[in-house]
Amino acid sequence: MATDRNELKAWYSNLGAKLDLKAVAAPGGAGLVSCDDDIWSVVPRGSGAAGCGQSDYDALAGTSMAAPQVAGVAALLFAQGRSLDNVYSVLMSTARTPAGVLRGVYTPAYGWGIVDAGAAVAAPRA
């Protein structure tokens, strides 16, 4: 699932409707608001959005912008020698609700929460 810069569920993002999905959220941009409300990404040279004033970058939004952030945190956890089950467990238990109020709590709008790389890599290894 994707969030906007205010950590609200992005309008285009789905809901993690079932507990067994192991769904987490990550920043994915607002979409249709402004360039700086989206995720800046490298694009082929010269193909950036003219409306954003860039030629080699573009402001993109979508779950395709959120997924690599979750994958990156998972890669950091695997680099620590963690098992697949532990990576899932850590991603879900250290993810936080907006404004960091709760961690590892399931909600339909955010799944297990917004991934938190710092908390995840600092979590004890099982």
Side-chain angles (χ1 to χ4, degrees):
M1 289 175 279
T3 62
D4 65 15
R5 72 172 9 182
N6 298 312
E7 297 190 336
L8 299 173
K9 185 188 86 57
W11 66 268
Y12 54 78
S13 192
N14 62 340
L15 296 175
K18 294 173 29 181
L19 285 170
D20 62 348
L21 289 179
K22 299 179 182 175
V24 292
L32 306 175
V33 179
S34 75
C35 296
D36 288 334
D37 284 312
D38 291 338
I39 306 297
W40 284 101
S41 182
V42 177
V43 294
R45 187 172 298 271
S47 67
C52 293
Q54 300 291 325
S55 64
D56 300 335
Y57 301 91
D58 206 346
L60 305 171
T63 54
S64 295
M65 297 290 100
Q69 295 183 62
V70 177
V73 177
L76 291 171
L77 296 173
F78 279 119
Q80 292 180 326
R82 296 173 187 264
S83 69
L84 177 62
D85 287 338
N86 184 250
V87 170
Y88 278 132
S89 174
V90 168
L91 284 173
M92 293 184 298
S93 66
T94 60
R96 58 181 180 70
T97 58
V101 178
L102 301 171
R103 290 189 183 274
V105 175
Y106 181 87
T107 67
Y110 297 93
W112 290 98
I114 301 168
V115 292
D116 183 332
V121 299
R125 295 180 188 124

Which donor-acceptor pairs under 3.5 Å do side chains of residues 73-86 form with protein atoms, sequence neighbours excluded?
from: Gln80; atom 1: OE1; to: Arg82; atom 2: NE; distance (Å): 2.7
from: Gln80; atom 1: OE1; to: Arg82; atom 2: NH2; distance (Å): 3.0
from: Gln80; atom 1: NE2; to: Val121; atom 2: O; distance (Å): 2.9
from: Arg82; atom 1: NH1; to: Asn86; atom 2: OD1; distance (Å): 2.8
from: Arg82; atom 1: NH1; to: Pro124; atom 2: O; distance (Å): 3.2
from: Arg82; atom 1: NH2; to: Ala123; atom 2: O; distance (Å): 2.5
from: Ser83; atom 1: OG; to: Asn86; atom 2: N; distance (Å): 3.1

Quiz item: So, the side chain of Thr107 versus the backbone of Tyr110: is there a donor-acceptor pair under 3.5 Å, distance only?
Solution: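 Looks like yes, one N/O pair under 3.5 Å.
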Practice problem: Enter the distance from Ile114:CD1 to Glu7:CD here, rounded to the nearest 0.5 Å. | Solution: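 Ile114 CD1 to Glu7 CD: 4.0 Å, rounded to 0.5 Å.
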Quiz item: If you round to the nearest 0.5 Å, how far is OG of Ser13 from CG of Asp4?
Solution: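 So the CG of Asp4 and the OG of Ser13 are separated by 10.5 Å.
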Which atoms form the tightest heavy-atom contact between [X] and [Y], and what is the distance?
| X | Y | result |
| --- | --- | --- |
| Val105 | Leu102 | CG2-CB, 3.8 Å |
| Asn14 | Met1 | O-CG, 3.3 Å |
| Tyr12 | Ala2 | OH-CB, 3.6 Å |
| Pro68 | Ser64 | CD-O, 3.0 Å |
| Ala25 | Thr3 | CB-CG2, 4.0 Å |
| Ala66 | Ala26 | CB-O, 3.4 Å |

Practice problem: Would you mind reporting whether Asp38 and Met65 have side-chain heavy atoms less than 4.5 Å apart? | Solution: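 Of all side-chain heavy-atom pairs linking Asp38 with Met65, none is under 4.5 Å.
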Self-check item: Side-chain heavy atoms of Ser41 within contact of Leu60, under 4.5 Å
Solution: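 Heavy-atom side-chain distance check passes, below 4.5 Å.
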For a quick test of your reading: what N or O donor-acceptor pairs under 3.5 Å do the side chains of residues 27-37 make, sequence neighbours left out?
from: Ser34; atom 1: OG; to: Asp37; atom 2: OD2; distance (Å): 2.8
from: Asp36; atom 1: OD1; to: Trp40; atom 2: NE1; distance (Å): 3.1
from: Asp37; atom 1: OD1; to: Arg5; atom 2: NE; distance (Å): 3.2
from: Asp37; atom 1: OD1; to: Arg5; atom 2: NH1; distance (Å): 3.4

Quiz item: Any side-chain hydrogen bond (donor to acceptor under 3.5 Å, both in side chains) pairs touching residues 111-124, not counting sequence neighbours?
Solution: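 Those involving residues 111-124 are Arg103-Asp116.
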Exercise. Carefully, step by step, assess Tyr88 and Val24 under the rule side chain to side chain contact (heavy atoms under 4.5 Å, CB included).
Key: CA-CA 10 Å; Tyr88 278 132; Val24 292; over 6 Å; no
Practice problem: Would you please test Val43 and Tyr57 for side chain to side chain contact (heavy atoms under 4.5 Å, CB included) and show each step? | Solution: CA-CA 5 Å; Val43 294; Tyr57 301 91; 5.5 Å; no
